[in-house]
Amino acid sequence: MLKIYNTLTRKKETFIPKVAGKVGMYVCGMTVYDYCHIGHARVMVVFDTVARYFRYLDYELTYVRNVTDIDDKIIQRALENGEEFTGLTQRFIDAMHEDERSLAILPPDSEPKATESIADIIILIEKLIINGFAYVGSNGDVFYAVNKFKNYGQLSRKKLDELQAGERVNVDEAKNNPLDFVLWKMSKSGEPSWKSPWGQGRPGWHIECSAMSTCCLGNHFDIHGGGMDLQFPHHENEIAQSEGATGEKFVNLWMHNGFVRVDDEKMSKSLGNFFTVREVLKQYRPEVIRFFILSSHYRSPLNYSDAQLDDAQTALTRFYTALRGIKMSDVAIDNDYKVRFDTAMNDDFNTSIAVSVLFDLAKELNKVKANIEQAELLAATLRYLGSILGILQDNPDEFLKGGGSSNYTLSIEKIETLIKNRIKAKQNKDWAMADKIRDDLKSQGIILEDAAGNTTTWRRE
RNA sequence: GGCUGCGUAGCAAAAUGGUUAUGCAGUGGCCUGCAAAGCCAUCUACACCAGUUCGAUUCUGGUCGCAGCCUCCA
């Protein structure tokens, strides 16, 4: 039985889909004006794993993840670059898809864009005005009147009168209440804009997600996810908008992933302490990043450091070493391990324990290697359970010979020639020569492993 | 100031009212010409102080420390 932590109730709840056998899940995606950083990668990997697990449990999942392709920062960045905002956003959408592919993130079922949802957004705002939740401010912008929505603050557990609006930012005088947020913003000349009943303008950030989730999944759906920082005000505002417009409950279950930190501080664009995915990929291969993310629980903070990524690399080496040399055949799966794995994942996607089950599996696999039938069963189980986490799908030999992403000076042919020379030296009991060859290779990042019968395998450090 | 959440061994990271987490690193062994890999064994814990309990790392209260949100942010 799958249990998921619901931010709305702050409890793990047994997951009961709205419609039996089906799941609708919406996740707040990127605002595309820059490359994805490791924090973005975490959201993508976490919810990709959630999606994979739902499918593994035979749910018919509809996974929607939006793209915010119009907002102040996009406009500003396009202006700085002296380019059309559409060119900017398309470039970073492409880059994002590239990053996703490298991290083995399966594409969502639907990826709506804000700029393609303007009609839905306008309809939603009109409903909010009719229902008395929205008003046109003195500057022509349309605002949401926060105090009209009875349950405002239910998700973030904030009370309206305790929120110190304007403490860190200047209050917009066009609003009735400092906490009111913009639904439709009038455009200045030269800015991208769309026609609306309130004049040429563009949507506010929060309303986009209400429109895009509802249009793809209906007024009321199962799961809404995103980073912790979106809890307030973004997701709080989404609830107010959607429920204010439809009068229906919006989302049953809210999932929020923890942050990636650098030196115990949040990794963020505003702090400037971020590492982009493509930057890290120069040093580590994609599966290492994915494993690093899944090695801790999705709600815990995750500290980014080279040491941690090195650990992830070592862990994967252990797995692939266990898998190496075993024929991958379509044999059955060991049910005991599957049950343990499922139990871990059913407990709010506890990937940390799920991974530890895989380590136990690898250990047993190493022990039974002489027994081919058993080894094949365990190897197949390891690969199958790994696939649910989106890891261990490489060819083991290729993984082990691939090493990090640094430049290689030694060709495979050269390495293999040296190994042949070393085997000859070994046969002549010329240990000094054999050891020299091994040490030379080691200094170039090549580790040799002798096996029985004068065979030697190698891998990169 | 208000609201969340966290504090686990050398590092990373889970669970749990009493029983081995797990991975890396360390130590001792097995294997090996020697290594590597692997296997076996083993040392390092639950921020602090009270309380509840036969028993608390796990529950409750307090103290200290850290992070996040209260502006855009995944």
Side-chain angles (χ1 to χ4, degrees), chain A residues 7 10 27-31 36-44 46-47 65 68 71-73 76 153 155-159 161-171 178-179 181 205 225-234 236 256-261 264-271 274 291-292 295-297 299-303 305 307-319 321-322 324 344 347 350-360 362-367 369 400 426 429-432 434-435 438-439 442 447-452 456-459 461:
Chain A
T7 309
R10 313 277 156 139
V27 173
C28 287
M30 282 268 290
T31 301
C36 296
H37 63 235
I38 298 297
H40 297 116
R42 189 175 193 190
V43 184
M44 290 173 178
V46 161
F47 287 100
R65 196 190 54 209
T68 298
D71 92 321
D72 289 357
K73 289 193 172 169
Q76 195 193 328
L155 179 68
S156 52
R157 308 223 163 166
K158 291 180 191 302
K159 295 194 180 82
D161 48 9
E162 283 168 354
L163 285 163
Q164 298 186 0
E167 189 184 51
R168 290 195 284 162
V169 82
N170 290 332
V171 175
L179 288 160
F181 56 91
W205 179 47
M228 295 271 284
D229 55 346
L230 298 183
Q231 254 171 62
F232 190 91
H234 186 56
E236 199 70 69
H256 293 98
N257 66 276
F259 280 115
V260 177
R261 296 186 190 170
D264 286 322
E265 247 189 355
K266 173 180 172 177
M267 178 186 287
S268 73
K269 286 189 188 166
S270 17
L271 288 170
F274 61 90
F291 186 86
F292 159 67
S295 59
S296 73
H297 187 87
R299 282 189 284 117
S300 305
L302 180 59
N303 221 32
S305 71
Q308 289 249 65
L309 286 162
D310 290 341
D311 278 0
Q313 162 78 32
T314 307
L316 287 172
T317 300
R318 180 169 164 81
F319 284 124
T321 303
R324 181 169 55 182
D347 185 15
N350 196 326
T351 53
S352 189
I353 290 190
V355 164
S356 80
V357 173
L358 299 189
F359 275 118
D360 285 350
K363 176 170 278 187
E364 194 181 342
L365 171 56
N366 282 327
K367 281 195 239 182
K369 267 200 169 162
L400 293 168
K426 276 176 66 181
K429 297 208 188 300
D430 184 355
W431 307 127
D435 290 353
R438 188 170 60 198
D439 291 346
K442 171 97 166 67
I447 310 282
L448 298 191
E449 295 172 1
D450 292 340
T456 297
T457 52
W458 64 275
R459 65 185 167 89
E461 253 177 328

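Atoms considered below: every heavy atom in the structure, side chains included; atoms not considered: hydrogens, waters and symmetry mates. Each chain gets a letter, A, B and so on, in the order the sequences are listed, and its residues count up from 1.
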A:Pro233 has its side chain closest, among B:A36, B:C70, B:A13, to B:C70
On RNA chain B, nearest-nucleotide positions of A:Asp360 versus A:Cys28: which is more 5'? A:Asp360
Under 4.0 angstrom, heavy atoms only, what part of the nucleic acid is A:Asp435 near: base, sugar-phosphate, or nothing? base
When rounded to whole Å, the NE2 to P distance for the pair A:His297 and B:G7 reads 13 Å
When we call it a touch if two heavy atoms are under 4.0 Å apart, what does A:Asp311 touch: a base, just sugar-phosphate, or nothing? base
Over 12 foreign heavy atoms within 6.0 Å of NZ, A:Lys442: no
Separation of atom CG in A:Leu155 from atom P in B:C70, rounded to whole Å: 13 Å
Please state the P separation for the pair B:A13 and B:C6 - nearest whole angstrom. 15 Å
For the pair A:His37 and A:Phe274, name the ring-plane relationship: parallel under 30°, tilted 30 to 60°, perpendicular over 60°. tilted
Of B:G23, B:C69, B:G33, the nucleotide closest to the side chain of A:Ala315 is B:G23
Out of B:G68, B:G5, B:A35, which nucleotide sits closest to the side chain of A:Glu265? B:G68
Rounded interatomic separation in angstrom, taking NZ from A:Lys367 and P from B:G38: 13 Å
With respect to the side chain of A:Lys363, which nucleotide from B:C70, B:A14, B:C40 is positioned closest? B:C40
Among B:C70, B:A21, B:A13, which nucleotide has an atom closest to any side-chain atom of A:Phe232? B:C70
Just checking A:Ser156: base, sugar-phosphate only, or nothing, at a heavy-atom cut-off of under 4.0 Å? sugar-phosphate
Between B:A14 and B:G33 - C1' atom distance, rounded Å: 43 Å
Let me know, please, whether A:Leu302 or A:Ser356 comes out on the 5' side of the other along RNA chain B by nearest nucleotide. A:Leu302
Once you apply a heavy-atom cut-off of 4.0 Å, does A:Ile447 come out as touching a base, just sugar-phosphate, or nothing? sugar-phosphate
Can A:Asp264 and A:Arg261 be counted as an ion pair, charged N to O under 4.0 angstrom? yes
Could you check whether A:Lys158 gets within reach of a base, just the sugar-phosphate, or nothing at all, counting any heavy atom under 4.0 Å? base
Donor-acceptor pair, A:Gln308 side chain versus A:Asn303 backbone, under 3.5 Å? yes
Among the nucleotides B:G33, B:A21, B:G68, which one has an atom lying closest to any side-chain atom of A:Arg438? B:G33
Taking any heavy-atom pair under 4.0 Å as a contact, classify A:Gln231: base, sugar-phosphate, or nothing. nothing
Using a 4.0 Å heavy-atom cut-off across all strands, classify A:Arg157 as base, sugar-phosphate, or nothing. sugar-phosphate
Nearest of B:G23, B:A37, B:C39 to any side-chain atom of A:Phe359? B:G23
Answer yes or no: is there an ion pair linking A:Lys363 with A:Asp360, defined by an N-O contact shorter than 4.0 Å? no
Whether the side chain of A:Asn350 engages the backbone of A:Ile353 through a donor-acceptor N/O pair (distance < 3.5 Å, no angle test) should be reported. yes
Starting at CG of A:Leu271, measure out to CE of A:Met267 and round the result to the nearest 0.5 Å. 10.5 Å
Side chain of A:Arg459 only, heavy atoms from C-beta on: which candidate in B:A36, B:A74, B:A13 is closest? B:A36
Would you indicate what A:Met44 reaches in the nucleic acid, counting non-hydrogen atoms under 4.0 angstrom: base, sugar-phosphate, or nothing? nothing
A:His37 side chain: which of B:A74, B:C39, B:G33 is closest? B:A74
Using a heavy-atom cut-off of 4.0 Å across all strands, would you classify A:Ser300 as base, sugar-phosphate, or nothing? sugar-phosphate
Sugar-phosphate, base or nothing in reach of A:Asp347, heavy atoms under 4.0 Å: nothing
With C1' as the reference atom in both, quote the distance from B:G61 to B:C54 in angstrom, rounded to an integer. 22 Å
Distance-only, no hydrogens or angles: does the A:Gln231 side chain make a donor-acceptor pair with backbone N or O of A:His256 under 3.5 Å? no
Has the side chain of A:Lys73 got a donor or acceptor that lies under 3.5 Å from a partner of the other kind on the base of B:C72? yes
Identify whether any heavy atom of A:Ser296 sits under 4.0 Å from a base atom; if not, whether one sits that close to sugar-phosphate; answer base, sugar-phosphate or nothing. sugar-phosphate
Which part of the nucleic acid, if any, lies within reach of A:Gly226 when heavy atoms closer than 4.0 Å are counted: base, sugar-phosphate only, or nothing? sugar-phosphate
Based on Watson-Crick and G-U pairs with both distances under 3.5 Å, what dot-bracket line describes RNA chain B 5' to 3', crossing pairs as [ ] and inter-strand pairs as |? (((((((..(((.....[...))).(((((.......)))))....(((((..]....))))))))))))....
For A:Gly29, answer base if it contacts any base atom (sugar-phosphate contacts may also be present), sugar-phosphate if it contacts only those atoms, and nothing otherwise; contact means non-hydrogen atoms under 4.0 Å. sugar-phosphate
Can you tell if the side chain of A:Val43 reaches within under 4.5 Å of the side chain of A:Arg65, non-hydrogen atoms only? no
Any donor-acceptor N/O pair under 3.5 Å between B:C24 base and A:Arg318 side chain: no
When all nucleic acid strands are considered with a 4.0 Å heavy-atom cut-off, which category describes A:Val260: base, sugar-phosphate, or nothing? base
Checking only heavy atoms, does the side chain of A:Asp450 share a donor-acceptor pair with the base of B:C34 at less than 3.5 Å? yes
B:G33 base stacked by A:Trp431 (centroids within less than 5.5 Å, tilt under 30°): yes
If you check every side-chain atom of A:Asp229, which of B:C72, B:A74, B:A67 has the closest atom? B:A74
Using atom types as modelled and distance alone, determine if a side-chain donor or acceptor of A:Glu449 lies under 3.5 Å from a backbone N or O of A:Thr457. no
